[in-house]
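Below is one structure, written out as structure tokens; comments come after it.
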2 protein chains.
Amino acid sequence: MQPQESVTESLAFLLGKLGQMATGRFADRLAPLGLRPRHCAVLELLATAPLGQLALAQTIGVTPSVVVDMLDELEAVGALRRVRDSTDRRRQVVEITDGGRALALSAARLAKQVDIELLRELDSTQATAVREGLARVAAAQGLPVTGSAPTRNAAPTDPGPAT
Amino acid sequence: MQPQESVTESLAFLLGKLGQMATGRFADRLAPLGLRPRHCAVLELLATAPLGQLALAQTIGVTPSVVVDMLDELEAVGALRRVRDSTDRRRQVVEITDGGRALALSAARLAKQVDIELLRELDSTQATAVREGLARVAAAQGLPVTGSAPTRNAAPTDPGPAT
DNA sequence: TATTGTTATACTCTATAACTATA
DNA sequence: TATAGTTATAGAGTATAACAATA
């Protein structure tokens, strides 16, 4: 089932290479929009409902300070706004703007284009198998449904009793 | 064929997340050996034949200065040695040691273990489909056969008239 | 005292550019 | 002048820790 004897033929290693390549490609496409790949998870999450920053961080599986940066950048592009919560003045609720929704849509189109290029050599059966297989792997490994992956430890499934 | 409407469901994005996760897992396993994932490509390449540093850089698709660092680290672990070329004293031929071969073997075993964990939820048909599909994608995109992926542009085959 | 968001800082990975020693 | 390797530096990505305002 795993016929390779070498690291470079392993799935672990191959995924790393492909991930780097795919992210790079997508980032290039996204650049003209003023976005980077990780921003997309935020936009798509907020498209569903406004969210506080910590909840956001937890959901996409990154640390809060990273969220601050991403929100700064997205706010600079007019894709969202932070609204102080009048009930709890520590909180800021993050809301997507119409511009943000438009960006998310454009980004989704670009991602689809990249996908087509990546899958160029596969027939639709193979492509589907890869897609579904990887989705299953991601689910089994507990990757956040949406959002960028936690780099290392971080058990996002069990954030503990906090909040 | 690409039924998703969102970035976060795209293959491009998914590969990025999975790549990060897989690389992190593998790095954790490798750490006790004093290795990191990228070192493995070097070791496996050298296992075939000694090589000069520039050739090495080109083959695995990274910039020469990165090779210097990696070789320093691998030499510190006793995995290889740099031998000055007596014909052309600018060159250093890099040779793997027995220790290096042993490390490469251990690393391959660890990679295999990680693969098994990653593919835990897939039956062997699906696992094979994913493996073969991804290998095909990698080939189609021109990833270096062995070694870590070039981050972005970098046409290592044609460095151009610059310098 | 705990929590929300922020800033400051550090570490990894990778790249470019300037430098050395040879050729 | 060109090439092999090296060093110095920079940028993107992420994380931890200390801090301010508020609860």
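Keep in mind that the numbers below use all heavy atoms, side chains included, and drop hydrogens, waters and symmetry copies. Because the structure is a prediction, the values reported are computed rather than measured. Lettering of chains follows the sequences in order, A, B, ..., and the numbering in each one begins at 1.
- Taking atom CD on Glu75(B) and atom C1' on dT6(D), their separation rounds to 13 Å, with Å as the unit.
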Restricting both atoms to N or O, compile the protein contacts to nucleotides 21-23 of chain D shorter than 3.5 Å, with distance only.
residue: dA23(D); atom: OP1; partner: Arg89(A); partner atom: N; Å: 2.7

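- Atom-to-atom distance recorded for Asp123(A):CG and Thr128(A):OG1 is 8.5 Å, nearest 0.5 angstrom.
- Summarising the geometry, the separation between CZ on Arg84(A) and C1' on dG5(C) is reported as 7 Å, rounded to the nearest angstrom.
- What separates CG of Asp28(A) from P of dG11(D) is a distance of 18 Å, to the nearest Å.
- Look at Arg38(B) and you'll find a side-chain N or O under 4.0 angstrom from OP1 or OP2 of dT14(C).
- When the side chain to side chain donor-acceptor pair (under 3.5 Å) test is applied to Arg89(B), no partner is found at least two apart in sequence or on another chain.
- In this structure, Arg91(B) places its CZ atom 16 Å from C1' of dA2(D), rounding to the nearest Å.
- For Arg90(A), the salt bridge (Lys or Arg N to Asp or Glu O under 4.0 Å) partners are Asp88(A), not counting sequence neighbours.
- The distance between atom CG of Leu51(A) and atom C1' of dG5(C), rounded to the nearest whole Å, is 14 Å.
- Taking Val83(A) as the reference, Arg81(A), Glu95(A) meet the side chain to side chain contact (heavy atoms under 4.5 Å, CB included) condition, with sequence neighbours excluded.
- Note: CD (Glu73(A)) to P (dT14(D)) measures 11 Å, nearest angstrom.
- For Glu117(B), the salt bridge (Lys or Arg N to Asp or Glu O under 4.0 Å) test picks out Arg29(B), with sequence neighbours left out.
- Evaluation of the salt bridge (Lys or Arg N to Asp or Glu O under 4.0 Å) rule for Glu121(A) yields no partner, not counting sequence neighbours.
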For nucleotides 6-11 of chain C, print each protein N/O atom paired with a nucleotide N/O atom at under 3.5 Å, atom names and distance only.
residue: dT6(C); atom: OP1; partner: Arg82(A); partner atom: NH1; Å: 3.4
residue: dT6(C); atom: OP1; partner: Gln92(A); partner atom: NE2; Å: 3.2
residue: dT6(C); atom: OP2; partner: Gln53(A); partner atom: OE1; Å: 3.1
residue: dT6(C); atom: OP2; partner: Gln53(A); partner atom: NE2; Å: 2.7
residue: dT6(C); atom: OP2; partner: Arg82(A); partner atom: NH1; Å: 2.9

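- Per the geometry, CD belonging to Gln20(B) stands 8 Å off C1' belonging to dT14(D), to the nearest Å.
- The nearest whole Å value for the distance from the CE atom in Met21(B) to the P atom in dT14(D) is 15 Å.
- Residues meeting the side chain to side chain contact (heavy atoms under 4.5 Å, CB included) test with Leu33(A), sequence neighbours left out: Leu30(A), Leu35(A), Leu103(A), Ser106(A), Leu110(A).
- Listed by first and then second residue, the salt bridge (charged side-chain N to carboxylate O under 4.0 Å, His left out) pairs involving residues 58-73 of chain A are Arg36(A)-Glu73(A), Arg38(A)-Glu73(A), Asp72(A)-Arg82(A) (not counting sequence neighbours).
- Residues Gln20(B) and Leu18(B) have side chains not in contact (no heavy-atom distance under 4.5 Å, counting atoms from C-beta outward).
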